[in-house]
Structure formats: C-alpha cells, structure tokens
*Asks:* 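Would you mind keeping the following structure in view while I ask a few things?
The chains referred to below are lettered A, B, ... by the order of the sequence lines, with proteins before strands, and numbering in each begins at 1.
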Protein chains: 2
Amino acid sequence: MTNKATTIADVAARAGVSVPTVSRVLTGAARVSQGKRERVENAIQELNFRPSAAARVLASRKSQVIAIIAGDTSRYGYAETIRGVEVAARAEGYTVMITVVESTDEEELDRAISATLTQAIAGVVVLKFDPPGVAVLHRLPEDVPAVALSGIREVGVPQAVLDETRAAEELTSFLLDLGHVTVHHVRVPPSRREDGRTTGWRRALRKADAPIPTVHDATWEPRSGLEVGRELALDPSVTAVFCGNDEIAMGVMRGLVESGLRIPDDVSVVGFDNHPLAEMWSPPLTTVEQDFAGMGRRGFHLLLDVMNGSDGKHYSSERPRLIVRSSADKPNPLRQTSGGTDRRPLSEGA
Amino acid sequence: MTNKATTIADVAARAGVSVPTVSRVLTGAARVSQGKRERVENAIQELNFRPSAAARVLASRKSQVIAIIAGDTSRYGYAETIRGVEVAARAEGYTVMITVVESTDEEELDRAISATLTQAIAGVVVLKFDPPGVAVLHRLPEDVPAVALSGIREVGVPQAVLDETRAAEELTSFLLDLGHVTVHHVRVPPSRREDGRTTGWRRALRKADAPIPTVHDATWEPRSGLEVGRELALDPSVTAVFCGNDEIAMGVMRGLVESGLRIPDDVSVVGFDNHPLAEMWSPPLTTVEQDFAGMGRRGFHLLLDVMNGSDGKHYSSERPRLIVRSSADKPNPLRQTSGGTDRRPLSEGA
DNA sequence: CTGAAAGCGCTAACAG
DNA sequence: CTGTTAGCGCTTTCAG
C-alpha cells in the first residue's frame, strides 16, 4: 500500500550482493567498491525501489522528519513562518509534519503532543504565537529536541524571535514624534498576558510621558478591526492608532473611513507585519516589516543545532524594520474641534 | 531520541500480560477481558507510554498519515485548502505531512515524490493549482491512493473541485449586464494552458458576442497587478477588469487609482476568491467566494473513500458564489471620450 | 479470550 | 570492503 512490495532484499538479490551492502550504498554509511555500488544503483533504478522510512527509523532510531506544532496554519504570520521552516528543512533533507492545536484544553494538548511524538520525529518547532502554542511548549517532554518561534524572548528554551517589543516601541515613538499627543492601540489576541507589541507601545508612551489610553481588543478577523474603527471614530481625541497587525489595521481604517474620517488627514493608522497587501492599500500602510519566513529558517537551523547536541546559545533574534508609507502623518489641528461634530461622508483614502 | 525507551513489552510486564494483549488494547483489534484491559491502560498511563508509529507501520502495513503535495503553502488559496485538509484529517485521526514542489524539473519532482512515498503514507492529496502540482499528479505511481484538488475537472483522477469556469462566466456576465462593452482580464499564472477562470471569462464574452481583449498576465505578487493596472489606465477602452484573484485585483486597483482613475466611477474591477480583506478594501471588492477550506475537507473525505477502496464517483464539485460589493458599477459614459484623447490603447480586439 | 512464535524492512555490530 | 547475525517495537497468525 505504501511502497512497492520491493525491498532491499530484492535489490540485493538482483545486484548479486548482500543486504547490508545495499544498505551501505543507500545510507552512504560505509564505502562500497565501485563495481558493487554500480550494480546496486542499477538494481535500485530498475526495480524503482524506495526504502521504507518506517523500517529505517526502527532500525536506526534516526528520523528525517520534523514536526511543526502551531495554533493555525493559514493566517499570514503563521503561514509565512511555516513556509520558512519548510524551505530550510527541505534544503537539509527533512520532511515536515504539521500538528495543529486549537485550544488549551488538556485533552487537545495531549492529543496534539501524542500525535506528534508517536511519529518518529527528529525534532519539533513550535509556533509560540498564541496560548495553545505556549501551552504545548511547556508540556513537551524535556528530551525531545525543540525550538520555539515567537515575538518575545523566554528563558530556557531554544528559540528564534522577531523582536516585536523594540519594533513596537520604535513605531509608537515614530507616531509621537510626528506630534501626536498619544497613540491608541488595538491589539490582536495575545499569546500570554501581554505581547511584545503592546509592551513596546506602552514603553514608548511611558518614555514620552504620554497618556496611556485603554487598549482595544480585536480578534484575528479583519472585520473585528472594522468595529473597533467605528468605536474609535466616535472619540475625537483619537489621532493616531497602532494596530496589532496589518489586517486589523485595514479593518480599523475601513471603520474610520466609513465614519467619515480621512486617513491620514484626520487619523493616522499604522499596522504591524508588512503584509503583502499593505503597500497596495489606500493609503499605503506605514508598518513594521517582520521577516516571518526568515524566523522560520533561523528556527530550523537552531533546531538542527539542538538535534546535533551542539551546545551554544540556541537563540536568534532579529529586529523588525520600520516601513514608512503614508497612512500616518502629523496630527490634524482641526480634528479635535471639528471631529466631535461631523461624521458622515464616505471618503476613500487616496 | 524519538520516544521514551518504554516499549510495549514494558507495559506488558507491568500489567502482567503478554505483549500481544497490550497490542490488542492499543489497536482495539480484538476483545480483551475487562480486567486485563484496565491493567494495561493503567500501565500505559503510569509509564507514559506512546507506541512507535514506525514499528506499527512496519508490522501492520497501515499508516495514519497522509501527505499533501503542493506548490506553495502560504498563499491564500493554498493555505486555506491545506487548512481544510488538515482539519478533516485530524478529525479522523490522521496526521498530515507536507511536501512542497516548486518547479517541474524532473529532479525536483522525483525528490518530492520520493520524499513523500518513502514515508509510510496512507494517501496523498495533491493541490493541482499550478504546473508543479499537475506534473506531480501525473507522475505519482498508480497504486498510491490520491486525490487532486483544483479549480477545473480532469478525467480519471479522484478529485474535489471548485467550479471556477462557471463562476468566472457568471462574474463576467455580471459585468456585461451592467452595460460594459467588454471585460478585460488579468490572469494569475495558470496551472496549464488555460485555467477555468480564463475559460469562463472567454465563454461569457463569446456568448454575449463581445470583443475578446488580449489577456494580461500577472504573477502571484500583488505588486505585479499594480503594473498591469498602470498599463490598463492608459487604455481608455478599458471600463471593466476581471482579475484572476483578489490580491491581483487590489494591485490593479492601486495602479488604476495612482493613474488618476476612480473605481468604480471610471473603471470597474472585480476579483476572485473573496479574500478576507476584500470586504475591507476601498471600495469593497466585488468578487466570487471560493470555499477553499471546504474543498480541502471534501478532498480528504474523497481520499478516505479511495483508501477504503470504496468505488463510486470520487468526484465532488461546488459552485463558487458571486459576491456583489461596490467595486463594479455601470460604465461611465464620459470615460470613453475623455480618455480617447490621452493616449493610444494598449489592448487589441480578438 | 490469551500467549507463543514469526516476522515487517532495514541498519548495526561484528568477523573476516 | 563485505557477508553473517541480531535485533529495532510492533502486529499477526496460530494454537489453545
């Protein structure tokens, strides 16, 4: 069902050598004389032989597959990270297996971990982007090679991170420097009490001695941003908004625009991630570029180190890059007064 | 490395039963007396035992993992489809493995197929969205259970499709009915000579006896749509544009808007897919909803049938749904004259 | 219902 | 360099 019925023994017979010899040419573990090697290779070709990974794993106790455990596979940051891991893994001859964990139920966590560890896995990459990811990481047996990928550092676990905190701080300061009295924040569901994006935002406000507004919560759906945008439109003190990601920012902008506000004339909005559509948006979105795929690649290489038992720091951090486009500008001096009274026209960006 | 050192034998010893008995409770393949079953279950708990999938596969020749072979994992339609397959697979106790094939090089194809079939796989789902997907499907050995997922039907292969052709035809007719003389088309990279989206567009034009403009090609990058949009802006005969997907439509719209055109006042633009951001766009995008995740789910269930050897049609089709928003409207009677003086048209009738 | 015996397809020591 | 001999951890007959 899974392979032809051909086995290494058939190959050996056909090539006129012993079984271990075939194994040796397959694995390259030991030298084989030119002649036999060729006969074996021919036999493999002719029989269209494919070794059974299962048998191999069983005998050698080594696997060439890694698992990615994630709370989602399809949203932008997740999908890009997974792609990065996959590309790096493929380049090193590893195959990837995916396990999704959607909640933090004990049952669900155990199911995910069992499903993963039951397979012969060389190591696991966990996307610590959300509560399920965090929970999985903490329940993983100590002895399985693992690395975490996330936006915030955590002690004691090998990991590749994208330093959101500093990036968020920089982005918020950018808005403050433009002259805004403060910056409002719409966050996406955090992975723990507070994510780096929120922390960085708060830190920048503190440093600037700016008032710290209440945080608005959005879900992962762009539409939830729309609702928050409508709410924000009602508050004339809102002149700058930092959204947890670009998709939410787009929803927020739509809510604002539908309420008759212009961007960036009346309100400045910035996102986070540099989603591929951010530059197509009207107006093009000021944001922070996050190299998710790069983090995925770095994560896989870290995992490779961990699997090889090489000790070292097992930590890799990178600083997202501010991308200034046109959705943020100086505050509108008229907004404060006029903002309270008028709200109806339906304008649409540039 | 991969599992605890605990084996089924340890469990048997601890429970005071034979090895096969443990196996029986594990697989549920045969009845075991209440008492022994409980002792075995306790032992499993206490030892935190996890069976080795590799050994299991070797002995039983049955696997609980399926492979998804795809040309990409991260773009919208791909990611959603993969998510659908994964969800359905997980619900039935299957784990998924992913193999990416980026080109149609023989080497690359063989690498992908070997990487996949070497693993103990119960079946494979191939995303036939692009040339690598098509190529893989045709090189897959006959005896491995496989289903294809795509937008266009193909004989002889079990598959789940989203009927793009009819949807594209409907969408194009919608534009024609609005009063447009013809509809221009920007296509995304096709999986073969022509995709259903293009065929449906052409068919609608033929039926309406409308001129058939030259097709414009875009890549998968939204930015390439931007360039096409700029070109289209130079041709005053362009009043309606049907783009191969929403992301390209967004790029095209941006190119048009940057060239001073208004949407839908000067040009109507429609996309395809109903990307989550399509409704956030300004103006909200008229498009066609494609249930990629649903196709993924249907595909997995088809695969399940194929794996069980149940014969039947092994084919599942669904019709995407037209979503009318506001990026398309009646043609602007002024556009033709005012535009005519500017520049020469770029497109030619067919 | 249950245990004994025999492999699944491969790699890992050994001798030579 | 190469063949022989043992398993890897599980499921599968097959007796009872």
Side-chain angles (χ1 to χ4, degrees), chain A residues 1-41 43-44 47-65 93 114-115 117-122, chain B residues 1-41 43-44 47-65 114 117-122:
Chain A
M1 158 168 266
T2 225
N3 267 319
K4 296 281 201 205
T6 40
T7 74
I8 206 180
D10 301 326
V11 175
R14 174 136 195 162
V17 301
S18 71
V19 161
T21 294
V22 175
S23 172
R24 290 190 260 258
V25 349
L26 243 27
T27 61
R31 268 184 297 269
V32 172
S33 66
Q34 183 72 57
K36 297 202 169 180
R37 142 165 281 112
E38 276 169 8
R39 277 154 56 205
V40 168
E41 281 165 350
I44 288 177
L47 265 32
N48 196 278
F49 168 75
R50 252 188 289 272
S52 147
R56 217 154 184 175
V57 160
L58 198 56
S60 70
R61 295 126 163 303
K62 279 178 181 48
S63 157
Q64 285 283 98
V65 359
S114 288
L117 299 187
T118 248
Q119 300 295 143
I121 280 312
Chain B
M1 159 170 266
T2 227
N3 268 319
K4 297 284 203 203
T6 39
T7 74
I8 206 180
D10 301 327
V11 175
R14 174 138 195 161
V17 301
S18 70
V19 162
T21 295
V22 176
S23 172
R24 290 189 260 259
V25 349
L26 243 26
T27 61
R31 268 185 297 271
V32 172
S33 66
Q34 182 72 58
K36 296 202 169 179
R37 142 166 281 111
E38 275 169 7
R39 277 153 57 204
V40 168
E41 281 165 350
I44 288 177
L47 263 33
N48 195 277
F49 168 75
R50 252 187 289 272
S52 148
R56 215 153 185 176
V57 159
L58 198 57
S60 70
R61 295 126 163 302
K62 280 178 181 50
S63 157
Q64 286 283 97
V65 359
S114 288
L117 300 187
T118 249
Q119 299 296 143
I121 281 311

*Asks:* Is any side-chain N or O of B:Ser60 closer than 4.0 Å to OP1 or OP2 of D:dT11?
*Replies:*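 No, because none of the side-chain N or O atoms of B:Ser60 sits under 4.0 Å from OP1 or OP2 of D:dT11.
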*Asks:* How would you label the contact of A:Val22 with the nucleic acid (heavy atoms, under 4.0 Å): base, sugar-phosphate, or nothing?
*Replies:*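 Result for A:Val22 = nothing.
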*Asks:* Output the single nucleotide from D:dG3, D:dC10, D:dT2 whose closest atom is nearest the side chain of B:Thr7.
*Replies:*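 Nearest to the side-chain atoms of B:Thr7, counting from C-beta on, is D:dC10.
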*Asks:* Expressed as a whole number of angstroms, how long is the span from A:Arg56:CZ to C:dA12:P?
*Replies:*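 Interatomic distance, CZ of A:Arg56 to P of C:dA12: 10 Å.
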*Asks:* Which atoms form the tightest heavy-atom contact between A:Arg24 and A:Val32, and what is the distance?
*Replies:*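 The pair with the smallest heavy-atom distance is CB-CG2, 3.7 Å.
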*Asks:* A:Val19 or B:Pro20: which one's nearest nucleotide on DNA chain C is closer to the 5' end?
*Replies:*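 Mapping each residue to its closest nucleotide by heavy atoms, the 5'-most match is B:Pro20.
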*Asks:* Is any side-chain nitrogen or oxygen of B:Arg61 closer than 4.0 Å to OP1 or OP2 of C:dG9?
*Replies:*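 So the side chain of B:Arg61 is within the cut-off, an N or O lying under 4.0 Å from OP1 or OP2 of C:dG9.
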*Asks:* Could you tell me how far apart B:Leu26 (CG) and C:dT2 (P) are, to the nearest whole angstrom?
*Replies:*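 Value for this atom pair: 15 Å.
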*Asks:* For B:Ile8 and C:dG3, what is the distance between atoms CD1 and P respectively, to the nearest whole Å?
*Replies:*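 Going from B:Ile8 (CD1) to C:dG3 (P), I get 13 Å.
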*Asks:* Roughly, in whole Å, what's the span from CZ in B:Arg24 to C1' in C:dT2?
*Replies:*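 One finds 6 Å between C1' of C:dT2 and CZ of B:Arg24, rounded.
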*Asks:* Closest to the B:Arg31 side chain: C:dC1, D:dG9, D:dT11?
*Replies:*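 Minimum distance to the B:Arg31 side chain belongs to C:dC1.
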*Asks:* Verify the contact: side-chain N or O of B:Ser23 to OP1 or OP2 of D:dT11, cut-off strictly under 4.0 Å; return yes or no.
*Replies:*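 True: B:Ser23 side-chain N/O within range (under 4.0 Å) of D:dT11 OP1/OP2.
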*Asks:* Indicate whether OP1 or OP2 belonging to C:dC1 is found under 4.0 Å from a side-chain N or O atom of B:Thr21.
*Replies:*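 Checking B:Thr21 against C:dC1: no side-chain N or O falls below 4.0 Å of OP1 or OP2.
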*Asks:* Nearest to the B:Ser52 side chain among D:dC10, C:dG9, D:dT4, which nucleotide is it?
*Replies:*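 Nearest listed nucleotide: D:dC10.
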*Asks:* Rounded to the nearest 0.5 Å, what separates atom CD in A:Gln64 from atom CD in B:Gln119?
*Replies:*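 A:Gln64 CD to B:Gln119 CD: 9.0 Å, rounded to 0.5 Å.
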*Asks:* Starting at CG of A:Leu58 and ending at C1' of C:dT11, how long is that distance when rounded to a whole Å?
*Replies:*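 So the CG-C1' distance, A:Leu58 to C:dT11, works out to 10 Å.
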*Asks:* For the pair made of NZ in B:Lys62 and P in C:dG9, what is the distance, rounded to whole Å?
*Replies:*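 Spelled out: NZ on B:Lys62 to P on C:dG9 is 13 Å.
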*Asks:* Minimum heavy-atom separation for B:Arg39 to B:Gly16, with atom names?
*Replies:*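 Reported closest heavy-atom pair: NH2-O, 3.4 Å.
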*Asks:* State whether A:Ser33 places a side-chain N or O below 4.0 Å from either non-bridging phosphate oxygen (OP1 or OP2) of D:dT2.
*Replies:*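 Looking at the OP1 and OP2 atoms of D:dT2, one of them is under 4.0 Å from a side-chain N or O of A:Ser33.
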